[in-house]
A.B. asks: 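Before I ask anything, let me first share the structure, which is written out below as structure tokens.
When a ligand or atom number is given, it counts from 1 through the structure's own listing order.
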Amino acid sequence: MGKLRNRLGRATLALVCALVSSAASTSVPDATPYEPPMPPVQRCMNLSSALEAPYEGDWGYTIRNEDIDRLKEAGFDTIRLPVRWSAHAGRWGRYKLNKGLLARTDAIIDYAMSRDMNVILNVHHYSELNNWPWRHERRLEGIWKQLAAHYEDYPDRLIFEIVNEPNGKMTVQRTDALNKRVVARIRKTQPDRWIVLATAEWGSIAGLLQSQPPSDPRIILSWHYYEPFVFTHQGAEFFRPTPPIGTNWGDTADVDRIAKDFRLAAAFRDKHNLPLLLGEFGVFDAAPVEQRAKWIGSVRHLAEANGFGWCHWGLSSNFRSYDADKEAWIEPVRAALLDD
Ligand code: BGC
């Protein structure tokens, strides 16, 4: 019995020694496995016309889990979730956010994350901020105070975007200053959260090039591209005067114009050493589908060639890439976005 215990003891010791030496030779002794930082967004779809409508469904689209599945399977890594928080927040005091809307965004974010997708959550269509910033900047900060607390423990896959397309009275200087204040607030509890910063003048290249981003390694700069506007917005009645239908796009000079803009944006990105996201681009549905696909494909290829992640605007409703009535991708648009 004594011998047996001895032998067992020695065998155990030998096993422990073998494990220790193999652990040393594979050099992963840490209890916590090393996780490289998540790369910023590469291919992303705006789940547009849902939560930026006054109420989800008002604009003919309600987000479904199947849509997120479909995006994942098609090859997207991220969804951008535009939300009109300003229509669902108190007007004074702590600007309390509506609990039902928070629960709805939780459900979408949780589902997307269960499918290993990143989510960019933004504040969209805050038009009062653009008209009366001196009254509404504080409210936007209050909205972010609540969102930052609510999502504090969410993984890095959740990305915040402070405000969509500042314009009007939200000048370059006001936008830079507001971005910095909101970033500082989020950083109090979330030093590693990726934060997307939109720039003034509707997130255009002009606004981007004038902006002065904070120095922070977890910032993603963002801009939107819809040039030439008369082509991408032809027949878009929400815009007045509506650009007439029939503008064509696609000769060498047209492509060169985009390439030139993208080179300027890339140079700005390099100067600031921050990733740059093309947060929106797309063509309204009134243009012929082949024309839409040509422009979308060119912009997408130029974005990737310059190393920009991108988010197409949008999925359903308008600027569509997916036809929810037929439950089918609009194939030329899908191919322009994803095929080589
Ligand atoms: C706006 C949408 C618009 C799209 C293209 C977005 O930022 O929120 O209302 O359809 O840009 O113009």
A.B. asks: Check ligand 1 against Phe319 and write out every atom of the ligand that is under 4.0 Å from a heavy-atom position of the residue.
C.D. replies: 5 (C), 10 (O)
A.B. asks: Among side-chain atoms of Ser204 and Tyr225, is any donor-acceptor pair under 3.5 angstrom?
C.D. replies: no
A.B. asks: Does His233 have a heavy atom less than 4.0 Å from any atom of ligand 1?
C.D. replies: yes
A.B. asks: Counting non-hydrogen protein atoms only, what is the nearest one to atom 6 (C) of ligand 1? Give residue, atom name and distance.
C.D. replies: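 Going atom by atom, the protein heavy atom closest to atom 6 (C) of ligand 1 ends up being Glu280 OE1, 3.1 Å.
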A.B. asks: For ligand 1, which atoms, with element, lie under 4.0 Å from some heavy atom of Glu165?
C.D. replies: 7 (O)
A.B. asks: For ligand 1, indicate whether the residue Asn318 contacts it via side chain, backbone, both or neither (heavy-atom separation under 4.0 Å).
C.D. replies: neither
A.B. asks: How far is atom 8 (O) of ligand 1 from the closest protein heavy atom, and which atom is that?
C.D. replies: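 The closest one turns out to be His124 NE2, 2.6 Å.
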A.B. asks: Verify the distance criterion only: is there a donor paired with an acceptor across the side chains of Asp106 and Tyr111 at less than 3.5 Å?
C.D. replies: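 The criterion, which ignores hydrogens and geometry beyond distance, is not satisfied for Tyr111 and Asp106.
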A.B. asks: Please say whether the positively charged group of Arg193, taken as NZ for Lys or CZ for Arg, lies over the ring of Phe160, i.e. under 6.0 angstrom from the six-membered ring centre and within 45 degrees of the axis.
C.D. replies: yes
A.B. asks: Which atoms of ligand 1 are found less than 4.0 Å from any heavy atom of His125?
C.D. replies: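 What qualifies from ligand 1 is 8 (O), 9 (O).
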A.B. asks: Heavy atoms only: which of Tyr226, Trp313, Trp59, Phe281 is nearest to atom 3 (C) of ligand 1?
C.D. replies: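 Closest candidate by heavy-atom distance is Trp313.
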A.B. asks: For Asp67 and Tyr322, does a side-chain donor sit closer than 3.5 Å to a side-chain acceptor?
C.D. replies: no
A.B. asks: Test Glu128 against every option in Arg84, Arg135, Arg91 by the salt bridge (Lys or Arg N to Asp or Glu O under 4.0 Å) rule and name the one that passes.
C.D. replies: Arg91
A.B. asks: Side-chain contact test, heavy atoms from C-beta onward, threshold under 4.5 Å: evaluate it for Tyr226 versus Glu280 and give yes or no.
C.D. replies: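 Counting from C-beta outward, Tyr226 and Glu280 do come under 4.5 Å.
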A.B. asks: Check the pair Ser48 / Trp59 against side-chain contact (heavy atoms from CB on, under 4.5 Å), numbers first and verdict last.
C.D. replies: CA-CA 10 Å; Ser48 45; Trp59 290 353; over 6 Å; no
A.B. asks: Hey, does Phe239 sit under 4.0 Å from ligand 1 if you only count heavy atoms?
C.D. replies: no
A.B. asks: What do you reckon, does Phe238 put a non-hydrogen atom under 4.0 Å from ligand 1?
C.D. replies: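 It does; at least one heavy atom falls under 4.0 Å.
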A.B. asks: Between Asn164 and Arg80, do the side chains contain a donor N or O and an acceptor N or O under 3.5 Å apart?
C.D. replies: yes
A.B. asks: Quick one: does Trp202 get within less than 4.0 Å of ligand 1, heavy atoms only?
C.D. replies: no
